[in-house]
Amino acid sequence: MERIPILQMGGFLLVTIQVDMHDQLALTLQDDLSERISKTSARGVLIDISALDMVDSFIGRMIGTISGLSKIMDAETVLVGMQPAVAITLVELGLTLPGVSTALNVERGMKLLQERVRNQ
Amino acid sequence: MAALQTSTLDAMKNNQAQLLAEWKNSLEASGATRNLKEKDLQQQTAEFLQLVISGLQNGNDQNIATVGWDEIRQFLDKLSHSRALLGQDSHQTASFIFSLKGPLFALLQNHYQDSPALLAEQLWEISELLDALGMHTIRTFQKSREAVIKRQQEELLELSTPVVKLWDGVLALPMIGTLDSQRTQVVMESLLQRIVDTGSEIAIIDITGVPTVDTLVAQHLLKTVTAIRLMGADCIISGVRPQIAQTIVHLGLDLQGVVTKANLADALKLALTRLGLSVNKAD
């Protein structure tokens with residue numbers, strides 16, 4: 001079955017979504033990610049969605065849910081690289097993802113994560 | 001309904017020069033020749049008369065939508081288009097055709113002096129034809145004008161949404177004019193795209209040039225701010241004038257979570273501070 005890889009980088013987990021998200025894939029990612037956070041006790045999660053150029057309301061909500069659940073498991077989450085079209089779609093759908101941290105690209109996201117973890 | 005008589009056609013053909021001269025006089029009298037070159041007018045009138053005669057000669061009926069009238073319709077399209085560009089109004093454009101009625105009717109009256117019934121019939125026919133042609137001219141004139149307006153609207157839309165780079169990593173968008181859904185969409189798209197292209201962390205939206213802020217405009221602004229935040233950049237709204245601040249408070253609009261500044265300078269200062277930069281006076 002198709003899966004989205006979750007890479008470990010030091011104390012952080014890196015999730016790069018390179019394919020078109022469909023509903024089952026998003027649910028699997030949610031399970032996998034929570035599993036990995038608890039196993040590795042990661043302090044931060046970076047979700048890169050720069051390759052995602054289309055979202056529907058379900059995927060939009062899943063992105064919010066995944067960020068939310070990592071936060072509950074004490075891992076700071078940063079969503080990076082959202083495309084303009086995706087941002088506009090989410091706003092029009094009313095999914096403003098409150099409480100989710102964002103950054104322009106992976107590099108800035110990493111910096112933000114490190115700062116957050118250091119300040120804790 | 002009876003068709004045009006051949007003798008009518010012949011009368012028109014044989015008296016072209018006289019018709020043209022009288023037509024020109026009546027055009028001048030009606031003021032339709034303003035802004036037009038004498039030579040162009042002469043050429044246009046001659047061409048039109050020629051086309052009408054040849055159209056009638058080919059045995060076409062009065063329905064100008066048929067293939068036989070293609071040539072004259074194209075001529076009129078071109079004519080009304082050029083009139084629209086010259087800034088003439090619909091009255092002047094329509095007068096071009098309707099002014100032909102006078103001289104033409106006079107000619108026919110002269111020609112059918114002895115048979116009033118035939119005269120009435122022929123007058124009706126010619127009148128119908130000229131009316132149809134006149135209507136067609138008005139319609140294309142209107143279309144040309146609408147096209148001009150549409151193009152100008154698009155140009156205005158493009159012109160009014162420049163995204164300016166103020167500093168490395170700081171973009172500014174000076175908004176001018178009323179914000180509606182369509183403009184917000186264009187503004188949002190161009191700003192978000194520039195953020196991606198330049199990797200800017202801070203975007204300043206300056207609303208000094210926005211005359212009024214109502215609930216709808218505020219909603220559009222909030223949408224833009226949220227989209228910018230989702231992309232991972234920060235947004236500052238600057239240029240909130242006293243009246244606008246009062247309106248926002250009176251309307252009970254919730255601008256929480258949005259950083260607002262009174263003017264662009266303050267916003268730039270904040271942006272520089274956030275980037276860890278400072279501006280100092282040189283000694």
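In what follows, chains are A, B, ... by sequence order, proteins preceding strands, each numbered from 1. Keep in mind that this is a model prediction, so the values were computed, not measured.
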- Are side-chain heavy atoms of B:Met231 and A:Pro84 found at a separation under 4.5 Å? yes

Honestly, the part of A:Leu95 sitting under 4.5 Å from a heavy atom of chain B is backbone

The interface call for A:Val100 against chain B, heavy-atom contacts under 4.5 Å, is backbone

Note: vs chain B, highest number of non-hydrogen pairs under 4.5 angstrom among A:Val91, A:Val86, A:Asn105, A:Leu104 is A:Leu104

Taken to the nearest 0.5 Å, the spacing of B:Thr224 OG1 from A:Ile88 CD1 works out to 8.5 Å

Cut-off 4.5 Å, heavy atoms of chain A, and the answer for B:Gln185 is side chain

Those residues of residues 197-221 of chain B that come under 4.5 Å of chain A on a heavy-atom basis, listed by number, are B:Gly199, B:Ser200, B:Glu201

Residues 258-271 of chain B vs side chain to side chain donor-acceptor pair (under 3.5 Å), sequence neighbours excluded, gives none

- Message: Would you say that more than 12 heavy atoms from the other residues, nucleotides or ligands in this model lie under 6.0 Å from the CD of A:Gln114, or not?
- Response: yes

Comparing A:Ala87, A:Gly81, A:Ala85 against chain B, the one with the most heavy-atom pairs below 4.5 Å turns out to be A:Ala87

Flag if over 12 foreign heavy atoms under 6.0 Å of CD, B:Gln243:
yes

Smallest heavy-atom separation, A:Thr96 atom then B:Leu230 atom, equals O-CD2, 3.8 Å

Between the CD1 atom in B:Ile195 and the CE atom in A:Met82, the distance rounded to the nearest 0.5 Å is 12.5 Å

Take atom CD in A:Glu107; do more than 12 heavy atoms of anything else shown fall under 6.0 Å from it? no

query = Is the CZ atom of A:Arg61 crowded by more than 12 outside heavy atoms at less than 6.0 Å?
reply = no

